[in-house]
Amino acid sequence: MKSVWTWLGFVCVTLAILLVGLRCAEEAPRVPADAFDLSRAVAALEDLNSESLPHPVGSAHNQLIRSRIETRLRELGYTPQLQSELICTDLAPGCSWVENIIAVKDGAGDDAILVTAHYDSAPIAPGAGDDLAGIAAMLEIARLFADRPTQNDIIFLFADGEEAGLRGAMAFAERHPLMQSVELVLNMEARGVSGPSGMFETSLANSELISLLARSASRPVANSLMFEIYQRMPNNTDVTIYKNADAMALNFAFSRGVALYHSSRDTNQNLSQASLAHHGDNVFTVLSNAADAPMDTLRGEGDATYIDLFGVTLLHWPSVINLPAATILLLLVVGLGATQRGFGVKSTAWALAGIVLVLALHGLFGWLLSYPLGLWPGIHPLDHPHPWPARIALFASSVLAALLVGASVGRKAGWQALLWLSWALFALISIALAALLPGGAYLTLLPLAAFAPIAAIEISARRPPIIAAHAGFIAAAYIALYHFLSFDVVFNFQVSYLKTPILIVMAAPATALAAWYAQSFRAARLPLALVAAAILAATIGGYLAPAYSETRPRSVNVDYLQIDTDDARQSQWRIDTYGPADAAYAERAGFNEDQVEYLRWGLRDSRAHLKPAPDLDLPGPQLRILTDTRDEAGLRTIEGEMQAGRSGFLYGLTFARGANVETLSVEGTLIAEAEAFMRPRGVAVTFSGVSERVMRFRLTTNAAEPIPATLFELSAAPEHPESAAIIAERPRTAAPIQFGDHAEIQRRIAF
C-alpha cells in the first residue's frame, strides 16, 4: 500500500535491522575458539602486569615486564634475544634507550614474517589495551607456532619505545640484521580498550594482502577508505617504519573506549576480552596462511578496494576496476532513466533543488544538534558513555530531511526525477572517487551496483523500478550507518555537523522513495511531526545523559608547573584537561579564575586552570656548554651536554618557530635541520628512557643574536598537602591521562 506510513515503517525497520547487524562496528565479534586460546592469552596478560602499574620506556617496571616476557618465551622453547640501543631519530626528534625482545621461529626458507607489538606504555597508563593486549596475543601465537614447521621464518618482536616516538621499531628496522629478511609485518596496536580489532593500515600494492586477509580472518573488519585516509594523515605507528623499509604490512587495532586510551584506567579489568580474542584470531589466522606462502606472491600489482559485511566476510576487488565500473553504471543509469517518461527539464530542475536541499538540511541539522548533544553538555572530544540517544537524534534528523523534501519537492519533481538524478549523481561521485580516492569508491559504487541491475530487469519487464529503489536504499543505508558508527572514534557529538554528511548516502535514495509513497504533503504532516518529536525526545535524552562515567572518564591531570628564568621563578598548580574543562571541579579545588593561556614545554599554546603554588625549588634539567666557536664563514658551533634534574620520564629542548638554527645533532645523529625550525609548531627534541644519562648535542647557527629556547622536564608529581587536596577533589568520573599528575619544570635559556 502506497502510504507515507509504509515508507516510514520500511525505513525504520531497515535501519533497526542494520544497526543490530552492525554491532561488529562497536563490539568485537565472536571468533572461533578452536585455535587461538583466549584463556591462555588472558592469563598471560594478568601475569605481565599483575601490579597494574605504568611502564614507560626506561622505567623499572618496564624492565620487570621485559623480564617476564623473556621468561615466558624461554618456557615456550624460544631463545629470546635482547636488542639494547640508544636510538636518536628525526621522525620524532630526540633519543631513547630501548630494549627490544626478539624471538625467532626458524623456517625452511630465507624470508621472514615479523609479528610485533610494543610493550612500553604511556607514563600514566598500565597499558592493558595499549599495548599489552597485543603482547599477550603474541605470546599465545608464539606458543601455537613453537613446534609447527613453516616455510618462512617467524620473528616475534616485542618492541620497546613506541610511545616515545616509534624508536624501538626504528632500532630494529635500521640496526638489526634480521630486518633484511622481513617481507611481511603483522602489527597489533590499540587506541582504546574495546571494539573490533580492525585492519586499519596496510602497505601499497595491497591487492594480494587483502585477499590473504579475506580468506584468513574468521571475522574480518576493514575498509579501504580508512587505508586512504590513514595514508593522508600525519599519524604514524610502528608499521610506518616497516613500510618505509619496503615491507608489506597489515596493522590491526581496536579503538573503542578511547577515553581510557593512555589513561590511568587502561587496566586489565577495563579491557574487553572479546577484543583481545579478535586481535589474536586476526593475526593467528593470517599468519597461519602466510607462514608457508611464497612471499613474492603476496606483492600485488595494485591496491584493493574493500569493506567488510557485518564483520562476517570481506568484500574486495582490484581498485583498477572502479573507474570502468562507475562509468558503465553511469551509462546504464542514464540510459535507463532516458527510457522513462513523466519528467523533463522542469522536473529535473526541481529534483536537483530537492537534492541540494537534502544536503543543506543535513548540514543545518548537524550544526543545530551539535549544541544540545555535545557543546552544551561539554562532552569528551572522542567518546561518550551513553551515545545512543544522540545517535538516534541524528538518524532521525536524516529521516526527517528525506521525508520533508520527498513529500514537498517530490510532488513538483516527481519521484522518477528524484530517483534517476540521485543515482546519476551517485555514479558521478563514484567516477570522481575512483579517480581521486580509489579506496573510497565503494561508498557510492556498492549502492549503485545494488540498484542499477535490478532496475534494468524491472524496466525490461515494463515495471517501475520500485524493487531496485528499495534495494539501493538498503545498500546505501548499510554504507551510511557503517561509517557513521566508525566515525564515532574520531568525531563526537559536539561536531555533529561532521557526522551527518555520511548519512546523505542513505538520505538521497530515501528521498526518492518518500516521493513515491507520499500521496500529498498533507498526508506526510503527521509522520513528519512524529519524526520531529522523536528527534526532540532523543535530543533531550542525549543532553541529559551523563557526559562522563568511571569507565568513560574526563581526562584531568593535576600538575605542578615551575618556570625558571635568569632572574625569576614562577610556581603554579595546574588542572590540565583534555577536552572541556570541569569548571565545578576547578572551583571546588580553589581555582577561581577561568582557564588561561600558557606555553606547554615553553613552546605549545595551551589553556588550563592555574593558581599560585609554593616554591618547592625542584631541581630542573641541566645544560652545559662545552665549546662555543665561530668559523671564518660566520658559522657558529655550540657543543654541550644535557641531563635530567629529577630523573624525569621525559625531558627535552624546545625552539619556537623561526629559531635561526642550521642543524641540531644529538649523540652524533642529525635530528633537525633549518627547515624543521620553520614549522608552525616549532621543534621539540625529547629524551625518554635515558634516566640520568648525559646526552651530548651539537648546534650550528649563522645567527649573530642569541637563540631563545626552553629546557623542560616532566617528572613525578611532588608530594605536597595542596596538591593532595586538589587531587582529592577530582571526581571519580575523571582520570589522569598521558603524563598523569606530574611536575613540569621549564628553564628559559638562550644559546
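Fair warning: this is a prediction, and the values are worked out from it, not measured in the lab.
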Exercise. Just by distance, do the side chain of T237 and the backbone of V239 share a donor-acceptor pair under 3.5 Å?
Worked result: yes

Problem set entry | P32 side chain near S218 side chain, heavy-atom distance below 4.5 Å | yes

For this session: Please confirm whether F254 and H279 have ring centers closer than 6.0 angstrom.
Result: yes

For this session: Identify the heavy atoms of D303 and A205 that sit nearest to each other, and give their distance.
Result: OD1-N, 2.7 Å

Exercise. Is it true that atom CZ of R232 has more than 12 heavy atoms of other residues, nucleotides or ligands lying nearer than 6.0 Å?
Worked result: yes

Exercise. When you measure from the side chain of D266 to the backbone N and O of D130, does any donor-acceptor pair fall under 3.5 Å?
Worked result: yes

Problem set entry | For L503 against A480, the heavy-atom pair lying closest together | CA-CB, 4.2 Å

Exercise. Would you say the side chains of S430 and T444 form a donor-acceptor pair under 3.5 Å?
Worked result: yes

Exercise. What is the distance from atom CD of Q494 to atom NE2 of H384, rounded to the nearest 0.5 Å?
Worked result: 9.5 Å

Exercise. According to the interplanar angle, ranging from 0 to 90°, do the rings of Y482 and Y478 count as parallel (below 30°), tilted (30 to 60°) or perpendicular (above 60°)?
Worked result: tilted

Problem set entry | Test item: T305 side-chain N/O and G439 main-chain N/O as donor-acceptor pair under 3.5 Å | no

Exercise. Could you walk me through whether V531 and L8 pass the side chain to side chain contact (heavy atoms under 4.5 Å, CB included) check?
Worked result: CA-CA 9 Å; V531 175; L8 186 58; 3.8 Å; yes

Exercise. Taking atom CD1 of I210 and atom CG of L314, what is their separation to the nearest 0.5 Å?
Worked result: 6.5 Å

Exercise. Which of parallel (below 30°), tilted (30 to 60°) and perpendicular (above 60°) describes W423 and F451?
Worked result: parallel

For this session: Verify side chain to side chain contact (heavy atoms under 4.5 Å, CB included) between L204 and F227, making sure each step is shown before the conclusion.
Result: CA-CA 9 Å; L204 293 172; F227 162 70; 3.9 Å; yes

Exercise. So, do M188 and L250 sit near enough that their side-chain heavy atoms are less than 4.5 Å apart?
Worked result: no

Exercise. What do the steps show when you test L19 against L485 for side chain to side chain contact (heavy atoms under 4.5 Å, CB included), and what is the final call?
Worked result: CA-CA 9 Å; L19 287 169; L485 295 175; 4.2 Å; yes

For this session: In plain terms, say whether D582 and R554 are close enough for a salt bridge, that is, a side-chain N and a carboxylate O under 4.0 Å apart.
Result: yes

Problem set entry | Heavy-atom closest pair, residues H380 and A259 | NE2-CA, 3.9 Å

Exercise. Considering only heavy atoms from C-beta outward, does the side chain of M506 approach that of V11 to under 4.5 Å?
Worked result: no

Problem set entry | Residue R30 excluded, over 12 heavy atoms near CZ under 6.0 Å | no

For this session: Decide if atom CH2 of W516 counts as having more than 12 heavy atoms of other residues, nucleotides or ligands within a radius under 6.0 Å.
Result: yes

For this session: Taking the side chain as every heavy atom from C-beta outward, state whether L369 and F493 have any pair of such atoms under 4.5 Å apart.
Result: no

Seminar exercise, completed: Here the gap from Y442 atom OH to H316 atom NE2, rounded to the nearest 0.5 Å, amounts to 14.5 Å

Exercise. Any side-chain heavy atom of D308 within less than 4.5 Å of one from T313?
Worked result: no

Exercise. Judged by atom type as modelled, is there a donor-acceptor pair below 3.5 Å linking the side chain of W7 to the main-chain atoms of A510?
Worked result: yes

For this session: Flag the pair F252 / F200 as yes when their ring centroid distance falls below 6.0 Å, and as no otherwise.
Result: no

Exercise. Any sub-3.5 Å donor-acceptor pair from N492's side-chain atoms to D383's backbone N or O?
Worked result: yes

For this session: Run the ring-centre check on F395 versus F484 and record whether the distance is less than 6.0 Å.
Result: yes

For this session: Heavy atoms only: give me the nearest A469-L419 pair and the separation to one decimal.
Result: CB-CD1, 3.8 Å

For this session: Measure across G195 and A28 and return the closest heavy-atom pair with its distance rounded to 0.1 Å.
Result: O-CB, 3.5 Å

Problem set entry | Atom CZ of R463: over 12 foreign heavy atoms under 6.0 Å | no

Exercise. Is it true that E26 and R391 have a side-chain N and a carboxylate O under 4.0 angstrom from each other?
Worked result: yes

Exercise. Where the side chain of S203 meets the backbone of A249, is there a donor-acceptor pair that is under 3.5 Å apart?
Worked result: yes

Exercise. Do you know the tightest heavy-atom contact between P196 and C24?
Worked result: CG-O, 3.0 Å

Problem set entry | From F426 atom CZ to L445 atom CG, the distance as rounded to the nearest 0.5 Å | 11.0 Å

Exercise. From N206 CG over to T202 OG1, what is the distance, rounded to the nearest 0.5 angstrom?
Worked result: 4.5 Å

Exercise. Can you say whether the rings of W376 and Y371 are parallel (under 30°), tilted (30 to 60°) or perpendicular (over 60°)?
Worked result: tilted

For this session: Would you check if M199 and N282 make a side-chain contact, meaning some heavy-atom pair closer than 4.5 Å?
Result: no

For this session: Would you confirm whether T500, through its side chain, and G363, through its main-chain N or O, come within 3.5 Å as a donor-acceptor pair?
Result: no

Exercise. Should E550 and R265 count as side-chain neighbours, where that means a heavy-atom distance under 4.5 Å?
Worked result: yes

Exercise. Counting distance only, does the side-chain N/O of S347 pair as donor-acceptor with the main-chain N or O of A417 below 3.5 Å?
Worked result: no

Problem set entry | Residue pair E201, I229: steps toward the side chain to side chain contact (heavy atoms under 4.5 Å, CB included) verdict | CA-CA 9 Å; E201 181 185 12; I229 292 173; over 6 Å; no

Exercise. So, S275 and S194: side-chain donor and acceptor under 3.5 Å apart, yes or no?
Worked result: no

Exercise. Taking the side chain from T348 and the backbone from G344, do they hold a donor-acceptor pair closer than 3.5 Å?
Worked result: yes

Problem set entry | D281 side, atom CG; R219 side, atom CZ - distance, nearest 0.5 Å | 8.5 Å

Exercise. For W367, does the CH2 atom sit with more than 12 other heavy atoms under 6.0 Å from it, leaving out its own atoms?
Worked result: no

Exercise. Quick one: are S3 and Y517 in side-chain contact, heavy atoms under 4.5 Å?
Worked result: no

Problem set entry | Side chain E458, main chain I467, donor-acceptor under 3.5 Å | yes

